[in-house]
Amino acid sequence: MDAAAFRRYAHQVADWMADYLEQVDQYPVKSPAKPGDILRQLPDAPPEAGEDMEDIFRDFEDILLPGITHWQSPRFFAYFPANTSYPSLLAEMMTAALGAQCMVWETSPAAAELEEKVMDWLGQLIGIPATWSGVIQSTASDATLCALLTAREQVTGWEINTSGFPAGRRFRIYASSQAHSSIEKGVKIAGFGQENLVYIPTDADFAMVPSALEAAIEADLAQGYVPLLVVACLGTTSSAAVDPLATIGEISTRYGLWLHVDAAYGGAAMILPECQHFIQGIERANSFVCNPHKWLLTHFDCSAYYVRDAAALVRTFSILPEYLRTAVTGQVKDYRDWGVQLGRRFRALKLWMVMRHYGMSGLQAHVRSHITMAQEAAGWVDAHPHFERVAPVWFSLVCFRWTPPGITDPETLDTLNATLLKRLNDSGTIYLTQTRLGGQYVIRLAIGQTFTTPRHVAEAWAQICETAELVQAE
Ligand SMILES: *Cc1c(COP(=O)(O)O)cnc(C)c1O
């Protein structure tokens, strides 16, 4: 393909992208594809000769698009959002054109220095202490792994990196029973062993009980374990619960534990003055992660990881073979030493374009509008005699369950809620997911897609109520 052909197709693709996003509302939100549906339409062997772009593009539309779940639909209420925006999309296109591999400063000085600056800007919005440093990771899971590894190395004077785990020393990691699965995954990868992840009970709002954390640490000390790290979550995945950061910070400081803050989703809300109280006590923490790729208009992947002590992070990860040495090694930030990846995309560009396009006030208005919609939806749930809300709504997630009259058996209720959810998702007009809270099956309405308006939420709620009546009538 030459530049002239590329120009022609690129214009075509740009039109397709604008049309798609304008009409995304009309696709079934959750792909109706069954296992194997896509696979069986694809040839067994790669093509012998090159094919026409027109044919490839037709197959994209006919074969692949039906197997896509439309995350950018304003009727997407599943999981947490992975919302995007037009400025971010433009940046992704420009990033692709540059095709730069930004592993060290010298391989693209602008990428390294822009990353430093946008992380600083975002940190100011979130309320990260000014002395901390930020770096873009792929995912919150990667950031949490970095925290676990840095804590492990710091406490042992970088000895495990050198000679492996010492015999007889068992480190303990603490997180609430609501913690994201990425903590457990990180604990496994970092070599601590799953058994050494201690789940701390939560209160009626699904937030960690600090006295239970303290009791667990004391019990572990009495048995000769080494308490190492505690994860506090601002916005858990199941119900967006918020752990009491300041109190957990006092305990982690008293026992000399590393405090990692998982704000993968909730971190976006910290840019609002009215949510700043949730992050009070951050100065006692050691690390913090928030995903702009969830709720801040920025394409996946873009996970903002902040650390109090950048030197400890770099010392944990740095490697310097001759082929990676440059004339400025040591004078600049070589982000390959700030995490697991060596090769890195130019991810700062999209965040920069998003922050400049919307400005602080635009970003705040965006996040605030979703919180307002969620509060309104929570009010509808509360007012309905046959639905109940099962968790507080601090951010933009509403957790509820259907409690049809006359039914009290817990298993029947779970089954009915699962039936309701399946019926809703099969309709194609909305997509929600489920969780378990207090042992009960719960439906989650996660608001946060860029194009979602109060009308979409109101229509979703009407559909939920109507579908429940239909299921009950059967
Ligand atoms: C989504 C989420 C994660 C994982 O995020 P990735 O970027 O996909 O790794 C971790 N913690 C919480 C609380 C989350 O909501």
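Because only heavy atoms are used, hydrogens play no part in the values below, and waters and symmetry mates are left out as well, while side chains stay in. Predicted, not measured: the structure shown is a model, and the values here were computed from it. Start at 1 with the first residue, then count along the sequence. Whatever order the structure lists ligands and atoms in, that order sets their numbers, starting from 1.
- Using modelled atom types, one finds a donor on one side chain and an acceptor on the other under 3.5 Å when comparing Thr144 with His260.
- Between the side chains of Thr316 and Trp158, at least one donor-acceptor pair of N or O atoms lies under 3.5 Å.
- Taking any N or O of Ser141, backbone or side chain, at least one lies under 3.5 Å from an N or O belonging to ligand 1.
- Closest to atom 14 (C) of ligand 1 among all protein heavy atoms lies Lys294 NZ, 2.9 Å.
- Each of the following atoms of ligand 1 lies closer than 4.0 Å to a heavy atom of Phe80: 15 (O).
- Checked for salt-bridge contact, Glu115 and Lys333 miss the test: no charged N lies under 4.0 Å from a carboxylate O.
- Centroid-to-centroid, the aromatic rings of Phe395 and Phe278 come within less than 6.0 Å.
- Using a 4.0 angstrom heavy-atom cutoff, Ser303 does not count as in contact with ligand 1.
- Atoms of ligand 1 lying under 4.0 Å from at least one heavy atom of His293, given by number and element, are 7 (O).
- Among all non-hydrogen protein atoms, the one lying nearest atom 11 (N) of ligand 1 is Asp262 OD2, 2.7 Å.
- Backbone and side-chain nitrogen or oxygen atoms of Thr236 are examined, and none is located within less than 3.5 angstrom of a nitrogen or oxygen of ligand 1.
- Between Trp16 and Phe60, the ring centre distance stays below 6.0 Å.
- Looking only at atom types and distance, the side chain of Ser138 has a donor-acceptor partner in the side chain of Arg347 under 3.5 Å away.
- In this structure, Arg444 satisfies the cation-pi test against Phe80, with its NZ or CZ atom closer than 6.0 Å to the six-membered ring centre and inside 45 degrees of the ring normal.
- Ring centers of Trp71 and Phe300: at least 6.0 Å apart, outside the cut-off.
- At most 12 heavy atoms of other shown residues, nucleotides or ligands fall within 6.0 angstrom of atom CD in Glu195.
- Counting heavy atoms under 4.0 Å from ligand 1, residue Asn291 touches it through the side chain alone.
- Remark: minimum distance from atom 4 (C) of ligand 1 to any protein heavy atom is reached at His180 CE1, 3.4 Å.
- Close contacts between ligand 1 and Ala264 involve ligand atoms 2 (C), 3 (C), 10 (C), 11 (N), 12 (C), 14 (C) [criterion: under 4.0 Å to a heavy atom].
- Polar contact check, Ala140 against ligand 1: a nitrogen or oxygen pair lies under 3.5 Å apart.
- Taking atom 8 (O) of ligand 1 as the reference point, the nearest protein heavy-atom neighbour is Thr139 CB, 4.3 Å.
- When each atom of ligand 1 is checked for a heavy atom of Gly235 under 4.0 Å away, the hits are 13 (C).
- Heavy-atom contacts of Ser182 reach the following atoms of ligand 1: 10 (C) (cutoff under 4.0 Å).
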